[in-house]
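Contents: one structure, followed by commentary.
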Amino acid sequence: MSRLTYLLLRLRSLWRSDQLHNEILEEFSFHIDQRTADNIRRGMPEEIARREAEQRFGRLSRIKEQGYELRGAGWVEDLIQDLRYSLRSLFKYRSFSSVTILTLALGIGACTAIFSLVNAVLIRSLPYGEPARLVYVFTPNSHLNLPAEVFAPSSADFFDLQKQNHSFAEMTRFNQAMYNLAVGNRVERIGAAKIDANFFSTLQSFPEFGRVLATSDEEPENDRVIIISHALWQGMLPHSLVSLLMTATLMAIFQFDFDYFHRLCA
Amino acid sequence: LSNSKKPELPQGTFDMLVLKALSLGPMHGYGIGQRIQQLANEMLQVEEGTLYPALYRIESRAWIESEWGLSENNRRARFYKLTRAGRKQLAVEETQWEYLSLAIKKVMQST
């Protein structure tokens, strides 16, 4: 008998535990009968012969249980019993259980949240071409007690930097803000950014539909040119897209994996 | 040694005796006990409370297997049979036992 058939036999015995008990008992009664017959052959009176044979088995039930555990699925029954017991006690000590569950939930939740953040910020690489070569330029202001990265170069500084730049292949600037997207009687708060024509070529990202900004779009009159993300496009109802198009020129929709600033912006 | 106070077998050796008894051919539980006692010239007494747990334990290790058959007096009885793994195990235990008993003898015979 291979290990596998043995395991199957034991699992099967879960459904026929009565039969298993009976088999063990039948085996024992055969043994007792044989011993009785032998005892009689040696000259014992029948009654004493049988009693002697039975006594030799000692506590029959204990041996039977041992046999049942080894041969049968006693361990599965034990497991089910333990599970039922633990469920009962969980229910009985409700305050203890709820505190435990709450603690676990908070612990797991906090870990998950921290990991998601670490994963997005530190582990996952930015979804742009050559993310390792991207740098963020800022102009710290020592007069104000604020973190250095709060201050981006002023427009004038930026244009100077762009003109005199020898280190970067390309430079772009952007200004993040929250906007209201009013569609019908529904208003949605969405993150967006004002960008320049170099934005997408600097990040080496390209739209799945339409074209990116051109230098002509930077002219004063063209302030209603928009590019939306795939997520916003998917989430928007058809009639809201129509009303959006009536107020602005939709230039492009971004492919699925392009996520400007990791979903900070729609 | 009196009949009532026979020394107990060292832990684990009984399983080896069961394997040895079954190496002579398939047998039911009662027969295995009788066979061991006969082979030991009645110097050992096999207790039922030792025999059956041992049989089930050895079976759970797949060294023996069992099936229902007919006894010599035509009664339904559970017969045990040595498996190939059991035969291997018996050889291993025999070698170990010979080595151990020789070592113990050497120590005890030193003067």
Side-chain angles (χ1 to χ4, degrees), chain A residues 1-14 16-17 19-42 44 49-76 78, chain B residues 3-4 6 8 14-15 18-19 21-22 26-38 42 44-89:
Chain A
M1 178 162 46
S2 75
R3 279 250 152 238
L4 187 70
T5 25
Y6 182 72
L7 198 74
L8 288 177
L9 272 180
R10 276 168 68 127
L11 280 179
R12 199 186 64 185
S13 57
L14 194 65
R16 35 145 234 166
S17 68
Q19 195 194 336
L20 195 65
H21 275 286
N22 289 339
E23 280 195 352
I24 292 173
L25 278 181
E26 192 182 345
E27 186 172 20
F28 290 174
S29 84
F30 169 79
H31 185 110
I32 289 167
D33 288 350
Q34 289 291 108
R35 168 83 60 204
T36 310
D38 274 3
N39 283 346
I40 290 169
R41 210 172 303 136
R42 278 199 213 116
M44 269 190 210
R50 173 158 292 276
R51 200 186 313 143
E52 196 270 345
E54 279 170 0
Q55 271 169 356
R56 287 184 59 131
F57 250 97
R59 281 189 57 215
L60 197 77
S61 58
R62 196 181 55 84
I63 306 179
K64 200 188 74 177
E65 278 313 314
Q66 276 181 348
Y68 181 68
E69 264 169 36
L70 279 167
R71 180 180 277 179
W75 55 282
V76 182
D78 284 352
Chain B
N3 207 33
S4 58
K6 284 176 183 165
E8 281 186 20
F14 185 71
D15 291 10
V18 170
L19 290 178
L22 283 174
M27 186 42 89
H28 47 70
Y30 182 73
I32 293 168
Q34 295 297 99
R35 205 180 255 179
I36 290 173
Q37 273 176 215
Q38 276 163 19
E42 305 293 329
L44 287 175
Q45 192 167 351
V46 177
E47 302 287 342
E48 281 79 350
T50 314
L51 175 65
Y52 284 97
L55 282 174
Y56 299 145
R57 189 171 55 238
I58 302 170
E59 191 181 20
S60 77
R61 292 177 164 188
W63 291 336
I64 59 175
E65 57 190 20
S66 63
E67 59 183 9
W68 289 99
L70 283 181
S71 74
E72 51 275 29
N73 51 4
N74 268 341
R75 273 203 52 184
R76 222 165 90 87
R78 201 162 181 87
F79 277 80
Y80 294 87
K81 195 174 86 185
L82 208 60
T83 63
R84 194 178 301 192
R87 211 166 280 282
K88 252 186 237 165
Q89 178 64 19

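Every chain is numbered from 1 and lettered A, B, ... according to where its sequence line falls, protein lines coming before strand lines.
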Nearest non-hydrogen partners of A:Glu27 and B:Trp68, listed with the distance: N-CH2, 4.0 Å
Under 4.5 Å, counting heavy-atom pairs only, tell me which of B:Lys81, B:Arg84, B:Arg76, B:Glu47 racks up the most with chain A. B:Arg76
Could you tell me the separation between the CD atom of B:Glu72 and the CD atom of A:Gln34, rounded to the nearest 0.5 Å? 5.5 Å
Just so I know, are the side chains of A:Arg35 and B:Gln34 near enough to count as touching, which here means a heavy-atom distance under 4.5 Å? yes
Separation between CD1 of A:Ile24 and OH of B:Tyr52, rounded to the nearest 0.5 Å: 11.0 Å
For a quick test of reading the model, state the closest non-hydrogen atom pair linking A:His31 to B:Leu51 and the distance between them. CE1-CD2, 4.2 Å
Name all residues meeting the side-chain contact (heavy atoms from CB on, under 4.5 Å) criterion together with A:Ser29; count only those two or more places apart in sequence or in a different chain, and write none if there are none. B:Arg75
With a 4.5 Å limit on heavy-atom distance, are the side chains of A:Ile32 and B:Glu48 in contact? no
Please name all residues satisfying ring pair (Phe, Tyr, Trp, His ring centres under 6.0 Å) with A:Phe30, sequence neighbours left out, ordered by chain then number. B:His28
